[in-house]
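This report refers to the structure that appears directly beneath it.
All ligand and atom numbering here is 1-based and tracks the order in the structure. Residues: numbered from 1 along the sequence shown. If you're wondering where the values come from, they're calculated on a predicted model, not measured in any experiment.
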Amino acid sequence: MDRQKALDTLKAHGQEHVMEGFDELTNEQKEQLIRQISEVDWETIALVGKDKEESKGDIEPLGAVEISEIEERKEEFTETGIKAIQEGKLGAVLLAGGMGTRLGLDKPKGELNVGLTRELCIFNCLINNLLDVTNEAKAYIPLYIMTSEKNNDETIRFFEENNYFGYPKDYVKFFVQEMAAAVDFDGKLLLEEKGRLATSPNGNGGWFSSLAKAGLLEDVKKRGVEWLNIFAVDNVLQRIGDPAFFGATLLSGADSGSKVVRKVDAYEKMGALCKKGGKPYIVEYYELSNEMAEATDENGNYLYAFGVILNYVFKVSRLEEIMNNRMPVHVVEKKIPYIDDKGELIKPTEPNGYKFETLVVDMVAMMNDSVPYEVVREKEFAPIKNLHGVDSLDSARELLKANGVEL
Ligand code: UTP
């Protein structure tokens, strides 16, 4: 794309302001801006102000493989999972490309120290959890770590500095997710500095295509990995490569499995695994009517009782089939730093625009089936979204202590 083409493209979308003052930029800045303009996904930007497209079909409850059943079949599930891990069939994918804006950190979220009397960062907790499994299986699980342009170098530096927290380096690979341009509430592109559009990671839904674009699907295949366990960076109690969960999914014949916990009450703000149009679907708490949220079965249990915790296993062959399907894009209100007309950097304290994200929950909906696998909340769910309050560093520390982790 050249300068004129960039200007024409911007004009066609009512975004000419982006190139104001273009002549004052350095050659490097000019090239960068033109490259960014050529990469803008205009179809996505056009979503601002439009109603979300709903998928078709009725929502129905799904239930779960509950803890009592898991206890009864624990040995069978675990043996199946361990055997498949030993055969090299499982890989793990850590989603660490997020910006952690609610925590307000100026470093990757995984570097947050949860220790009190010693250094114990989130990455270290996660690797310790993974080592529990690999020690049991006496086999390593390849770990693919998704970062973003904004935190990739620092994440790799930190893993190097800490000797991969005792995990073999040959089994760890990093890949970078894509970025998406952000806009203000009127749909106008924002600049984060002169000659540079404000961009942010494009959500956690694009992880598989980013992994493939980075050439790592070849690594997955070369190693004989047939399943990928994906998980969020911020749940420090996360069980990774859990043999019983993996085994239960394999034995079910489904092409995916989702870890779920029982919601604390009918209105807890988490997505619940259910069915829509006969396919797995995660219904967000704000999509459920009060009547549905409070509906119970004959034993008084909530019908939409099981919330997802961003820990899934997916069959690689199914992921390849859906890889080129366009995922729904979510338009999310966020605080986006930008430069104003005078070129001054503004760091908003309230949301001032939209970011565009695809989400893993929509990938679950692209599977034919997903095993809802219930886990004990207090043992496996300690997400750190904020510093204090619900789902925070404070609450995660309490849960880590309760699980015998020395802080
Ligand atoms: P969150 O939805 O909590 O987003 O991510 P976040 O960016 O970490 O935090 P906030 O909302 O800005 O405060 C859930 C998981 O998905 C990953 C995160 O790293 C986390 O593991 N994620 C999120 C990505 O890998 N890429 C993204 O673009 C967004």
Exercise. Can you tell which of N229, D242, N235 makes a side-chain hydrogen bond (donor to acceptor under 3.5 Å, both in side chains) with K259?
Worked result: D242
Exercise. Which of the numbered atoms in ligand 1 are below 4.0 angstrom from a heavy atom of L310?
Worked result: 14 (C), 15 (C)
For this session: Could you see which bit of A96 sits under 4.0 Å from ligand 1, with heavy atoms only: side chain, backbone, both or neither?
Result: backbone
Exercise. Nearest non-hydrogen atom to atom 3 (O) of ligand 1 belongs to which of K109, K334, E178, K385?
Worked result: K385
Problem set entry | Protein contact to atom 26 (N) of ligand 1 [nearest heavy atom, distance to 0.1 Å] | Q177 OE1, 2.7 Å
Exercise. Which of the numbered atoms in ligand 1 are below 4.0 angstrom from a heavy atom of G203?
Worked result: 26 (N), 27 (C), 28 (O), 29 (C)
Seminar exercise, completed: Nearest non-hydrogen contact to atom 29 (C) of ligand 1 from the set A180, G98, P383 belongs to G98
For this session: Take Y167 and Y140, measure what ring pair (Phe, Tyr, Trp, His ring centres under 6.0 Å) needs, and give me the verdict at the end.
Result: CA-CA 9 Å; Y167 209 69; Y140 286 112; 5.3 Å; yes
Review item, side-chain donor-acceptor pairs of residues 365-373, under 3.5 Å, at least two apart:
unit_1, atom_1, unit_2, atom_2, d
N368, ND2, D255, OD2, 3.0
S370, OG, S256, OG, 2.9
S370, OG, S258, OG, 2.7

Seminar exercise, completed: The answer for which part of V360 has a heavy atom under 4.0 Å from ligand 1 is neither
For this session: Considering heavy atoms of the protein only, find what lies nearest to atom 12 (O) of ligand 1 and give residue, atom and distance to 0.1 Å.
Result: T101 OG1, 2.5 Å
Exercise. Can any side-chain N or O of D186 pair as donor or acceptor with the backbone N or O of K188 at less than 3.5 Å?
Worked result: no
For this session: Answer yes or no on whether R223 is positioned over the face of Y171, meaning its NZ or CZ is under 6.0 Å from the six-membered ring centre and within 45° of the axis.
Result: yes
Exercise. Is the distance between the ring centroids of Y312 and F314 under 6.0 Å?
Worked result: yes
For a quick test of your reading: what N or O donor-acceptor pairs under 3.5 Å do the side chains of residues 156-163 make, sequence neighbours left out?
unit_1, atom_1, unit_2, atom_2, d
R157, NE, E154, OE1, 2.9
R157, NH1, E161, OE1, 2.6
R157, NH2, E154, OE2, 2.9
E160, OE2, Y164, OH, 3.0
E160, OE2, K169, NZ, 2.9
N162, ND2, F158, O, 2.9

Problem set entry | Protein residue, atom and distance nearest to atom 7 (O) of ligand 1, heavy-atom basis | M99 N, 2.9 Å
Exercise. Which of the atoms of ligand 1 are close to M146, meaning less than 4.0 Å from one of its heavy atoms?
Worked result: 25 (O)
Problem set entry | Near-ring test Y354/F185, centroid separation under 6.0 angstrom | yes
For this session: Could you tell me the residue and atom name of the protein heavy atom closest to atom 16 (O) of ligand 1, and the distance to it rounded to 0.1 Å?
Result: N204 ND2, 3.1 Å
Seminar exercise, completed: the protein heavy atom lying closest to atom 21 (O) of ligand 1 turns out to be L95 O, 2.6 Å
Exercise. With under 30° as parallel and over 60° as perpendicular, where do the rings of F123 and F165 fit, or are they tilted in between?
Worked result: tilted
Problem set entry | Candidate pair E320 and K221, rule salt bridge (Lys or Arg N to Asp or Glu O under 4.0 Å), full reasoning | CA-CA 12 Å; E320 286 183 272; K221 299 229 163 125; 2.7 Å; yes
Exercise. What atoms of ligand 1 come closer than 4.0 angstrom to any heavy atom of D234?
Worked result: 3 (O)
Problem set entry | Shortest protein contact, atom 11 (O) of ligand 1 (heavy atom only) | R102 NH2, 2.9 Å
Exercise. Closest non-hydrogen protein atom to atom 25 (O) of ligand 1, residue and atom name please, with distance?
Worked result: G97 N, 2.9 Å
For this session: Tell me which protein heavy atom sits closest to atom 6 (P) of ligand 1, plus the residue, atom name and distance to 0.1 Å.
Result: G100 N, 3.6 Å
